[in-house]
Amino acid sequence: MLNEASAAETAATSTASQDKDAPLKEDIRLLGRLLGDVLREQEGDAVFDVVETIRQTSVRFRREEDAEAALELDAMLKQLTREQTNSVVRAFSYFSHLANIAEDQHHIRRRRAHLLAGSTAQKGSIGFALKKLRAAGVPRATIDTFFQEALIAPVLTAHPTEVQRKSILDAEHDIARLLAERDTPQTPKERLANMQLLRSRVATLWQTRMLRYSKLTVADEIENALSYYRITFLRELPGLYDDIEDDIAVEYPNADGTVTPIASAYVQMGSWIGGDRDGNPNVNAGTMQHALARHATTILDFYLDEVHALGAELSVSTLLVGVSSELEALAAQSPDASPHRSDEPYRRALIGIYARLAATARSLGATNILRKEVGAAAPYPDASAFVADLNVINASLAANHGAALARPRLATLSRAADIFGFHLASLDMRQTSDVHEKVLADLFAKSGVASDYSALDEDAKEALLLNELAQPRLLYSPFITYSEVTDSELAILRAARDIRERYGARAIRNYIISHTETVSDLLEVMLLQKETGLLRVDGSGGASSELMVIPLFETIPDLQRAAGIMSRAMALPLVKQLIAQQGQLQEVMLGYSDSNKDGGFLTSNWELYKAELALVADFRQAGVKLRLFHGRGGTVGRGGGPSYEAILAQPPGTVNGQIRLTEQGEIIASKFSNAEIGRRNLELLVAATLEASLAPQAENPQHAARLERFETVMAELSNLAYKAYRHLVYETPGFTEYFFAATPIAEIAELNLGSRPASRKANQRIEDLRAIPWGFSWGQCRLLLPGWFGFGSAIGAWINDGNGAKDEKIATLRTMYAEWPFFATLLSNMDMVLAKTDLAIASRYAELVADAGLRERIYKRITEEHGNTLQCLELITGNTERLAGNPLLARSIQNRFAYLDPLNHLQVELIKRHRALSGDDKVDERVHRGIQLSINGVAAGLRNTG
């Protein structure tokens with residue numbers, strides 16, 4: 001999928017002429033030509049000619065719908081040798097990667113063009129949101145309060161759809177940088193040098209192994225995520241804060257023309273990598289400790305580099321300008337006694353700060369500090385002490401004609417220290433409720449409190465848990481032997497307590513419970529916290545907790561129960577007390593992936609919407625502020641699609657300056673592997689949260705009545721779509737066999753994509769398959785079924801049910817699309833999925849089903865529903881072409897999909913060969929490798945996988 005920045009800028013580019021895309025086409029041609037040169041040089045003319053012939057035939061088939069070309073392409077691919085096959089797969093895969101780079105550069109180019117033309121208030125920008133709010137009468141004080149109280153947190157997660165190796169990402173980052181340089185004036189010699197370096201980097205890409213041949217570890221996932229901090233977050237997030245302050249000064253100017261700094265860290269980073277244990281046996285206390293050590297090392301390396309650079313820059317002499325007494329005192333504490341710097345107190349102060357940072361880094365796990373400090377110094381007790389020292393320098397400069405010297409490095413460093421502390425990102429803990437129950441059943445049985453806790457009903461469980469939570473004593477004894485899972489889970493919680501003490505309270509502050517189904521699921525985690533010192537009771541009813549316990553509601557039934565569970569929990573005196581300590585705020589996480597796999601695209605979206613409304617009402621009644629954590633994935637079927645539009649489409653009252661959302665797998669690379677695009681995506685997130693939180697809501701009775709009518713229709717449609725989806729996926733005999741045969745799910749499970757297994761259990765049940773590889777598989781075969789199936793059946797059945805005139809119902813649906821952001825966003829996302837769906841390619845995968853009767857029966861149902869869905873979408877929107885409202889993405893698909901077709905055709909051919917040999921001891925590793933390469937290439941071309 002296109003990155004968020006491009007999606008939000010569609011309105012600004014919808015009328016763009018083809019000439020504005022000329023630089024994009026030129027870049028794609030250039031990179032394609034360089035790839036061709038490398039291919040000819042590395043593999044020979046014969047392979048180059050094969051690739052070029054396939055490319056031309058594929059383009060003819062795609063653009064001219066030439067049936068003869070399709071037959072030629074199929075025959076040509078079947079005749080490839082095993083060696084040629086892998087070279088062809090690699091060539092088309094790398095072309096997809098290079099096309100992505102060119103598109104990203106073009107988005108940056110177009111945005112700069114808008115800014116140079118004076119379009120400072122683009123849709124999705126902070127300036128746009130502020131201008132809109134000011135026009136609506138929102139006062140400056142409300143804006144200030146928002147930024148003081150807001151928490152906006154992208155949370156990076158690792159999932160088994162991340163197909164890129166870090167080595168590939170590094171090479172592509174260099175190519176992107178070199179391509180960007182070509183947009184600036186260059187001498188002929190510079191142009192030649194640039195071309196030579198580009199050719200070199202493309203050759204490096206070709207010679208770099210695309211796949212992992214060993215299983216990815218949690219430590220590898222941690223390092224992959226940290227690379228995005230170095231590329232984007234460490235500099236771009238503080239820079240965004242500066243931009244926001246400037247934008248506020250433009251729309252809400254101070255009388256004296258000054259810019260008012262925003263003190264709070266309202267955008268903070270989160271991570272699951274190293275703390276998410278749900279279904280991942282490789283995450284334990286050690287991985288959590290390793291994650292925080294690597295987090296601290298990364299941020300402290302950044303601080304050390306910046307302080308060193310500041311020391312070189314701030315050569316201010318007291319022979320020429322004065323300094324504050326506080327700065328003099330700070331300089332006097334420095335271990336630097338060189339007479340050459342006796343009149344340079346800023347440098348001496350910074351040398352002292354560097355020494356303290358180096359000592360801090362060592363104390364927090366860093367093992368390799370590149371620049372040796374001048375002398376010994378005590379480590380900082382926490383990040384706030386480091387910030388205080390930086391503030392001394394800043395204040396002294398401001399008071400002594402040096403304010404200009406604080407920007408950009410010192411101001412950025414101070415801001416970074418506020419945002420990232422010494423922990424870099426808050427590490428969330430997550431485990432499934434079943435595991436908590438097992439641990440407590442063990443503790444209760446061994447302590448003699450309850451012989452069979454799991455057999456108790458919900459009321460009995462709640463009573464027992466609340467009684468134990470009120471006791472100051474512990475269930476655990478160091479003299480008793482417990483199960484392996486009990487020892488592991490308690491060790492993880494103890495590690496969390498130690499991490500908080502070492503790295504600060506923001507290092508770990510959330511505990512997420514997967515599959516929350518009852519109030520006891522929440523109380524169990526509170527009791528486990530008590531057992532490990534994270535929750536304390538004083539015996540007289542007082543209690544305090546270090547971690548917020550966050551329920552995750554995932555399946556359709558879970559979403560329907562969510563508000564009732566939270567109402568009952570918040571009525572408990574203990575929970576009330578803990579929520580009050582959290583600032584009268586409680587977070588709830590909603591899962592998009594499992595609800596989609598459970599109930600289909602339309603029903604998942606509707607049940608999420610309903611759950612949010614119910615939670616808002618119940619939280620309002622309880623006097624508690626709600627923060628929603630959206631567990632979104634990459635594909636539309638898993639809550640993907642543009643975040644900006646998704647946030648604005650949230651039900652009223654569900655944002656309120658508080659939002660967390662996951663950034664998963666390959667979407668992290670799509671959004672944040674380029675610094676400028678990364679900054680734009682962060683801005684979109686803040687702008688959408690600002691606008692959704694503060695934009696006045698229409699309150700006239702007519703609007704409320706119309707919304708109620710829309711919701712009634714949506715409920716009816718959801719019920720119909722649910723039945724259609726469930727009937728196909730869970731009630732149709734043979735569908736499971738069809739799915740495992742007609743998609744590359746088995747081959748995906750063999751990829752070294754992540755540290756988490758593809759299925760929760762070792763079987764072929766769709767119920768136990770993780771939602772991520774479920775979506776990944778449908779994307780690979782170009783059906784993308786989780787993003788649309790059931791919609792056509794629902795709309796058709798509702799219009800033709802005999803209850804009301806058809807014309808009136810169609811008019812209602814069109815009004816819903818025009819006036820209801822929720823419905824408009826839902827259809828827009830589905831439109832994008834359908835644009836990427838290709839039945840001709842999907843039919844080739846259907847050929848992998850050996851049972852012809854089963855194949856014909858299932859595939860016919862899917863294609864009929866696809867046709868119905870297209871017709872219904874066109875009926876509502878009036879658009880007969882896909883992506884009519886997003887020409888930028890439409891052109892992207894047109895440009896790239898001719899190069900994806902060969903990869904899909906090859907993948908099918910290779911899967912046939914592989915499965916024919918899979919029962920044999922002589923499995924061809926080259927065939928197996930070719931399949932994996934094709935999976936990588938298709939994922940790169942689609943720009944979304946699971």
Side-chain angles (χ1 to χ4, degrees), residues 556 560 596 599-614 636 641 645 648-652 697-728 731 785-835 837 839 860-886:
I556 299 297
Q560 293 171 341
N596 176 276
F601 172 65
L602 193 145
T603 300
S604 171
N605 278 274
W606 175 238
E607 291 297 340
L608 284 159
Y609 181 95
K610 285 201 307 178
E612 291 184 41
L613 284 177
V636 166
E645 284 79 2
L648 290 181
Q650 292 298 304
Q697 301 293 324
E699 295 185 3
N700 64 73
Q702 186 178 5
H703 175 83
R706 183 168 289 186
L707 180 59
E708 185 177 352
R709 169 60 177 156
F710 293 167
E711 290 174 348
T712 299
V713 172
M714 192 66 200
E716 295 171 5
L717 293 175
S718 173
N719 183 51
L720 294 166
Y722 181 79
K723 290 177 180 177
Y725 175 85
R726 293 286 301 186
H727 187 266
L728 174 72
E731 298 166 10
L785 181 143
W788 56 266
F789 194 91
F791 181 82
S793 291
I795 297 294
W798 184 74
I799 289 174
N800 295 294
D801 67 1
N803 296 321
K806 291 182 182 180
D807 290 346
E808 290 180 5
K809 288 190 170 186
I810 293 170
T812 296
L813 292 170
R814 289 174 176 169
T815 304
M816 289 168 63
Y817 175 66
E819 298 182 6
W820 192 16
F822 166 77
F823 194 62
T825 299
L826 184 142
L827 265 58
S828 174
N829 285 336
M830 190 171 66
D831 185 31
M832 180 178 71
V833 170
L834 291 167
T837 301
L839 292 184
K860 183 180 179 182
R861 284 189 58 185
I862 293 172
T863 55
E864 286 177 351
E865 179 66 14
H866 180 265
N868 291 338
T869 297
L870 284 175
Q871 289 178 2
C872 292
L873 181 63
E874 292 167 6
L875 181 70
I876 297 168
T877 65
N879 297 321
T880 57
E881 298 292 330
R882 301 283 59 76
L883 296 172
N886 193 341

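FYI, side chains are in, hydrogens and waters are out, and symmetry mates aren't considered; it's all heavy atoms of this structure.
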What are the two closest heavy atoms between P651 and L613, and how far apart are they? CB-CD2, 3.5 Å
Around atom CD of E808, are there more than 12 heavy atoms from other residues, nucleotides or ligands closer than 6.0 Å? no
When rounded to the nearest 0.5 angstrom, what is the spacing between [atom1] in [X] and [atom2] in [Y]?
X	Y	atom1	atom2	answer
T603	N719	OG1	CG	7.5 Å
Q560	E607	CD	CD	4.0 Å
T869	I862	OG1	CD1	11.5 Å
N596	N605	CG	CG	8.0 Å
T815	I810	OG1	CD1	11.5 Å

Please report, to 0.1 Å, the donor-acceptor pairs under 3.5 Å made by any side chain of residues 787-803, with sequence neighbours excluded.
unit_1: W788; atom_1: NE1; unit_2: L783; atom_2: O; d: 2.8
unit_1: W788; atom_1: NE1; unit_2: L784; atom_2: O; d: 3.3
unit_1: S793; atom_1: OG; unit_2: E865; atom_2: OE1; d: 2.4
unit_1: S793; atom_1: OG; unit_2: E865; atom_2: OE2; d: 3.4
unit_1: W798; atom_1: NE1; unit_2: E716; atom_2: OE1; d: 2.5
unit_1: N800; atom_1: OD1; unit_2: K806; atom_2: NZ; d: 2.9
unit_1: N800; atom_1: ND2; unit_2: G796; atom_2: O; d: 2.8
unit_1: D801; atom_1: OD1; unit_2: N803; atom_2: N; d: 2.8
unit_1: D801; atom_1: OD1; unit_2: K809; atom_2: NZ; d: 2.5
unit_1: D801; atom_1: OD2; unit_2: K809; atom_2: NZ; d: 3.2

When you compare the side chain of L834 with that of H866, does any pair of heavy atoms fall below 4.5 Å? yes
Would you mind writing out the side-chain donor-acceptor pairs for residues 875-884 within the sub-3.5 Å range, not counting sequence neighbours?
unit_1: T877; atom_1: OG1; unit_2: L873; atom_2: O; d: 2.9
unit_1: T877; atom_1: OG1; unit_2: N879; atom_2: N; d: 3.2
unit_1: R882; atom_1: NE; unit_2: D831; atom_2: OD1; d: 2.6
unit_1: R882; atom_1: NH1; unit_2: E874; atom_2: OE2; d: 3.3
unit_1: R882; atom_1: NH2; unit_2: N879; atom_2: O; d: 3.4

Go through the structure and list residues passing salt bridge (Lys or Arg N to Asp or Glu O under 4.0 Å) with K723, not counting sequence neighbours. none
Non-neighbouring partners of E819 that pass salt bridge (Lys or Arg N to Asp or Glu O under 4.0 Å), sequence neighbours left out: R706
Sequence neighbours excluded, the answer for side-chain hydrogen bond (donor to acceptor under 3.5 Å, both in side chains) partners of R861 is H727, T732
Who are the ring pair (Phe, Tyr, Trp, His ring centres under 6.0 Å) partners of Y609, not counting sequence neighbours? W606, W820, F822
Counting distance only, does the side-chain N/O of S828 pair as donor-acceptor with the main-chain N or O of A824 below 3.5 Å? no
Could you go step by step and tell me if M816 and V713 meet the side chain to side chain contact (heavy atoms under 4.5 Å, CB included) rule? CA-CA 9 Å; M816 289 168 63; V713 172; 3.8 Å; yes
If you apply the rule side chain to side chain contact (heavy atoms under 4.5 Å, CB included), what do you find for R726 with I556, and how did you get there? CA-CA 12 Å; R726 293 286 301 186; I556 299 297; over 6 Å; no
I'd like to know whether N829 forms a side chain to side chain contact (heavy atoms under 4.5 Å, CB included) with T825, so could you lay out the CA-CA distance, the side-chain angles of the two residues, the decisive distance to 0.1 Å, and finally the verdict. CA-CA 6 Å; N829 285 336; T825 299; 3.8 Å; yes
